[in-house]
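I have placed the structure first, in the form of structure tokens, so that the comments after it can refer back to it.
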Amino acid sequence: DDDGNVDGDGCSAACAEEVGWNCIGEPSVCTLTGNCADPIIVTGDGFVFQAANPIPFGDDLDNDDVSCVENDGLAGVHPDLVFSVTLAAGDTLHIAESGAADVLFHVLTGACASATTCADSFDGAGASEIDPGEIFQATAAGTFFVVIDTWDVAAATDDIDLLFEISPCGDGLVGFGEG
């Protein structure tokens with residue numbers, strides 16, 4: 001909802017639609033994207049996503065289940081934050097989180113659903129969510145889903161600050177995760 005130019009509600013202070021939101025109408029009504037049905041699409045080789053309040057994104061997966069199969073069973077929660085990224089064979093994806101939220105990173109190679117097995121998961125805390133963060137190398141070209149799952153019930157002040165970096169294979173440069 002366009003509420004007088006306040007960041008973090010879908011409509012920025014500059015009256016532009018914020019990443020992760022879908023705004024329609026005048027006055028605009030904004031709804032969160034970033035779920036399996038409507039993932040946030042990672043573009044370019046460096047993509048930033050920030051959310052001042054992680055609570056709307058919820059805590060849906062069981063934190064101890066790296067298979068990405070088990071729901072945590074909590075009633076009334078929102079789906080986890082979901083991104084879609086297209087990688088070529090050999091590309092390396094690095095995801096870092098520098099906000100106050102404690103998160104888990106899951107990379108899914110199949111359909112974004114509760115029955116999809118994780119290709120890779122990373123659970124860090126504090127500085128380890130930045131370095132090394134999640135590092136995933138695609139063995140085949142495709143579209144991958146990245147699920148960001150909060151470790152515990154997040155507070156409204158536990159911001160999320162994600163950086164996605166893609167290092168293309170064969171570009172002559174040594175990127176994150178490439179040896």
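Only heavy atoms go into these numbers, but all of them, side chains included; no hydrogens, no water, no symmetry mates. Owing to the predicted nature of the structure, the values given are computational and were not obtained by experimental measurement.
With Asp159 contributing its side chain and Ala100 its backbone, the two residues share a donor-acceptor pair below 3.5 Å. Remark: side-chain polar atoms of Glu97 are paired, donor with acceptor, to backbone N or O of Asp161 under 3.5 angstrom. His94 places no side-chain N or O within 3.5 Å of a backbone atom of Leu163 that could act as its donor or acceptor partner. Put simply, the side chain of Glu17 gets close to the backbone of Cys23: a donor and an acceptor are under 3.5 Å apart.
Residues Ser84 and Phe145 form a side-chain contact, since some pair of their non-hydrogen atoms from C-beta on lies under 4.5 Å apart. For the pair Ile40 and Leu81, the minimum side-chain heavy-atom distance is below 4.5 Å. Side-chain contact check for Ile148 versus Phe49: every heavy-atom pair is 4.5 Å or farther apart. Within the 4.5 Å cutoff, the side chain of Leu93 has heavy atoms near those of the Val146 side chain.
Taking the six-membered ring where the residue is Trp, Phe47 and Phe164 present perpendicular rings, their angle passing 60° and hence far from 30°.
Residues Glu129 and Phe122 approach most closely at CA-CE2, 4.3 Å, considering heavy atoms. In this structure, Asp91 and Pro168 approach most closely via the heavy-atom pair OD1-CA, 3.2 Å. Of all non-hydrogen atoms in Ile135 and Asp120, the two that sit nearest each other are O-OD2, 3.2 Å. Counting all heavy atoms, side chain and backbone alike, Gln137 lies closest to Thr92 at NE2-OG1, 3.6 Å.
Results of the side chain to side chain contact (heavy atoms under 4.5 Å, CB included) test with Phe83 over Ile41, Val147, Leu162 single out Leu162 as the only residue that passes.
Note that OG of Ser167 and CG of Asp45 are 8.0 Å apart. Values are rounded to the nearest 0.5 Å.
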